[in-house]
Amino acid sequence: MAGNNKKVPLLSVRNLVIEFETEQGVVRAADQISFDVDQNETVGLVGESGCGKTVTGLSILGLIPSPPGRIVSGSILFQGKELAGLPDNQMREIRGRDISMIFQEPMTALNPVFTIGNQMIDVLMRHRGLTRRQARAGAIEMLAKVGLPVPDKRIDEYPHQLSGGMRQRVMIAMALSCDPKLLIADEPTTALDVTTQAQVLEQIRKLQQEFQMAVVLITHDLGVVAETCQRAIVMYCGRIAEAADINDLFARPRHPYTRGLLDSIPRIRTQRPVELPIIPGRVPDLLHLPKGCRFADRCERRDDQCSQVNPELSIAGSNNQVACHHPLQYKDSLS
Amino acid sequence: MNQAQDNILIEVRDLKKYFPVRGGLFQRVVAQVKAVDGVSFNIRRGKTLGLVGESGCGKSTLGRAVLRLQQPTGGEVLVDGKNIVHLGKRELNEYRRRLQIIFQDPFASLSPRRTVAQIIREPLDVHAIGTSQERDKRVIELLADVGMGAEVRDRYPHEFSGGQRQRIGIARALALDPSFIVADEPVSALDVSVQSQVLNLIAELKIRLGISFLFISHDLAVIQHVSDEVAVMYLGKIVERAGVDDLYNEPKHPYTQALLSAIPVPDPLTGRSRIVLEGDVPSPMNPPSGCAFHTRCPKVMDICRKELPPMVNAGTSESPHQVCCHLHQ
């Protein structure tokens with residue numbers, strides 16, 4: 001591939017290692033994480049609990065609680081600027097203005113003792129230098145954009161007066177109010193009912209177009225990934241197992257873990273199988289990781305090499321990467 | 001027909017559970033939340049009824065009211081033809097042995113200070129079944145039933161992952177040879193890769209031990225996998241009930257149709273039209289007039305705002321398809 005005319009990615013994470021001190025020992029929550037996010041692109045960060053997807057997302061915003069956590073090594077380049085190790089006062093300028101984050105549970109991100117308006121107006125005044133009156137008008141406009149009914153009335157309400165779906169919309173409105181270039185969405189719809197989830201995902205898609213921003217969507221739900229992302233990164237036990245374009249990932253997964261996940265999710269089927277396919281065993285404890293590939297114990301393709309050597313992430317196809325000694329092969333893929 | 005009657009284990013008739021809302025100076029009852037408002041269904045022996053609905057629709061309250069973990073406000077629950085709603089404590093205890101529940105959160109439902117063996121033995125101790133040795137032996141059998149080895153007996157719940165804890169919870173529910181289990185979101189707290197293991201276990205136990213389940217979940221895909229029959233609940237009422245294949249292949253209620261179309265499909269190549277419902281679920285304290293779904297229904301008509309549609313059979317007498325909607329009258 002002609003690497004020289006490739007455009008510079010908006011976000012470039014390289015060899016990121018994040019560790020946490022615990023009473024039982026040091027846990028490496030993210031290990032050698034590398035990925036890029038282009039402008040206007042939606043990238044899914046997928047995996048089960050404890051795989052390191054949230055920690056990776058938090059680290060981009062400098063939100064790793066320290067202590068006990070710390071970025072041990074690696075770099076996080078955002079528009080060419082190094083974010084790893086950036087002092088907090090400089091990080092604060094970027095956070096909320098250039099990069100925003102929304103969380104799974106909006107109640108933890110919204111302040112219960114201030115009205116919606118108060119919280120939004122502060123952000124707008126700080127980052128955009130607006131007067132209070134301008135900021136209020138801007139906040140109402142933003143709330144209308146995320147589809148909150150009667151925004152000029154809702155703006156004076158407190159978070160507890162809103163339903164879960166409405167709170168999530170308010171949080172999205174707050175996150176987007178400064179027109180960020182990158183939105184990190186950590187399980188934004190997991191706490192919502194499926195009909196509300198459909199509304200919120202629709203909204204995120206629409207706003208992404210309108211605001212021309214990139215989105216890193218952190219989720220455990222492959223259905224959500226399939227419907228919103230262009231590319232996805234599958235994580236397992238702190239490492240990237242596979243990174244691929246969305247159509248490749250779902251049609252031709254290369255990592256046996258991705259294949260297992262795709263097979264085992266209960267989905268609406270026209271013919272019900274007698275037994276759901278499963279991934280045997282369970283996720284290893286991060287404190288006692290196996291020496292070789294972390295998925296080896298649960299993998300039917302494993303051999304001696306897998307239990308000895310941890311596979312590196314390597315190129316598999318034009319835009320795709322896989323960390324596996326014996327990735328699945330497909331006849332129709334020439335890459 | 002008669003044989004079908006004989007096969008019914010649980011019959012719920014017009015079950016209601018209202019919660020009073022108190023307010024004002026003297027904490028008077030100012031309103032009622034009708035969490036479960038006139039629900040009827042049957043569950044046959046060895047079959048699973050899947051109960052699906054969004055948060056706040058009353059599905060968990062219904063599960064608890066059926067077991068009398070919450071005393072119903074009205075209606076009947078017949079177990080083998082006997083109404084248990086007004087049974088006294090002693091008589092109820094006899095029935096309780098046959099009726100069990102599995103909870104959503106395996107982290108909250110197991111005592112952290114008891115060993116696995118103590119947790120599973122407890123129901124046997126409470127109901128004084130067998131000698132101490134027999135109980136110990138039974139614990140090992142139960143662990144084997146849920147795919148765990150005897151060596152875990154003396155360990156504590158915190159030493160296990162979510163999936164294993166849920167297995168322990170299931171072993172405890174099986175201890176008294178129940179004929180009916182309410183499973184309230186048993187896999188919702190689990191990761192995908194262990195979720196399917198637990199679902200397969202539940203499906204296997206149903207067949208091997210002939211247990212009937214009321215399987216409560218918000219996840220339509222999970223419900224499809226485990227159920228023989230499915231009931232869809234909205235604001236305290238069942239709006240549609242049918243055999244699992246009928247319901248998924250030909251959903252008749254607009255709410256069921258919207259629910260099914262809202263699930264994200266793990267296949268980027270499936271382009272399909274989605275029914276995105278407007279607004280949120282109304283408050284159960286102040287439900288809309290007429291059909292409670294009319295505020296969000298894409299097919300709403302004038303009559304829907306005024307009159308509550310009755311439940312009718314839109315299927316055949318052999319395979320009934322009950323639906324509560326003016327479009328199907």
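Letters A, B, ... are given to chains in the order of the sequence lines, protein chains preceding strands, and every chain is numbered from 1. Please read all numbers here as calculations on a predicted model, not as lab measurements.
Under the side-chain hydrogen bond (donor to acceptor under 3.5 Å, both in side chains) criterion, Asp221(A) pairs with no residue, sequence neighbours left out. In this view, Gln230(A) satisfies the side-chain hydrogen bond (donor to acceptor under 3.5 Å, both in side chains) rule with no residue, not counting sequence neighbours. For Gln321(A), there are no side-chain hydrogen bond (donor to acceptor under 3.5 Å, both in side chains) partners two or more places apart in sequence or in a different chain.
Smallest separation of non-hydrogen atoms from Leu199(B) and Pro266(A): CD1-CG, 4.0 Å. Taking all atoms of both residues into account, the shortest heavy-atom contact from Ile263(B) to Glu227(A) is O-OE2, 4.1 Å. Of all heavy-atom pairs between His225(B) and Glu275(A), the closest is CE1-C, 4.2 Å. Closest non-hydrogen pair, Gly281(A) versus Gln197(B), comes out as O-NE2, 3.0 Å. Considering all non-hydrogen atoms of both residues, Ile246(A) and Pro268(B) come closest at O-CG, 3.7 Å. Taking all atoms of both residues into account, the shortest heavy-atom contact from Ala226(A) to Val265(B) is CB-O, 3.4 Å.
Interface check for chain A: of the options Val192(B), Leu220(B), Val194(B), the most heavy-atom pairs under 4.5 Å are formed by Val192(B). Note: Asn200(B) leads Asp219(B), Val222(B), Asn200(B), Val187(B) in heavy-atom pairs under 4.5 Å with chain A.
Of the N and O atoms on the side chains of Thr195(A) and Glu54(B), at least one donor lies less than 3.5 Å from an acceptor on the other residue.
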Next item on the list: Decide side chain to side chain contact (heavy atoms under 4.5 Å, CB included) for Arg282(A) and Gln164(B); before the verdict, give the C-alpha distance in whole Å, the side-chain angles of both, and the deciding distance to 0.1 Å.
Entry: CA-CA 9 Å; Arg282(A) 60 201 168 94; Gln164(B) 286 174 306; 3.4 Å; yes

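Taking a 6.0 Å sphere around CZ of Arg113(B), one finds it holds 12 or fewer heavy atoms contributed by other residues, nucleotides or ligands. Shown here is Glu210(A), whose CD atom has more than 12 heavy atoms of other residues, nucleotides or ligands within 6.0 Å.
The main-chain N or O of Leu277(B) is found under 3.5 Å from a side-chain atom of Gln199(A) such that the two form a donor-acceptor pair. The backbone N or O of Ser55(B) lies less than 3.5 Å from a partner atom in the side chain of Asp193(A), making a donor-acceptor pair.
Residues Gln197(A) and Pro264(B) meet the side-chain proximity criterion, which asks for heavy atoms closer than 4.5 Å. Using a 4.5 Å cut-off on side-chain heavy atoms (C-beta onward), Ser264(A) and Gln195(B) make no contact.
To the nearest 0.5 Å, atom CG of residue Asp263(A) and atom OG of residue Ser196(B) are 9.5 Å apart.
For chain B, no part of Val225(A) is nearby; none of its heavy atoms comes within less than 4.5 Å.
Listed in order of number, the residues of residues 233-258 of chain B that approach chain A to under 4.5 Å between heavy atoms are Val244(B), Asp245(B), Tyr248(B).
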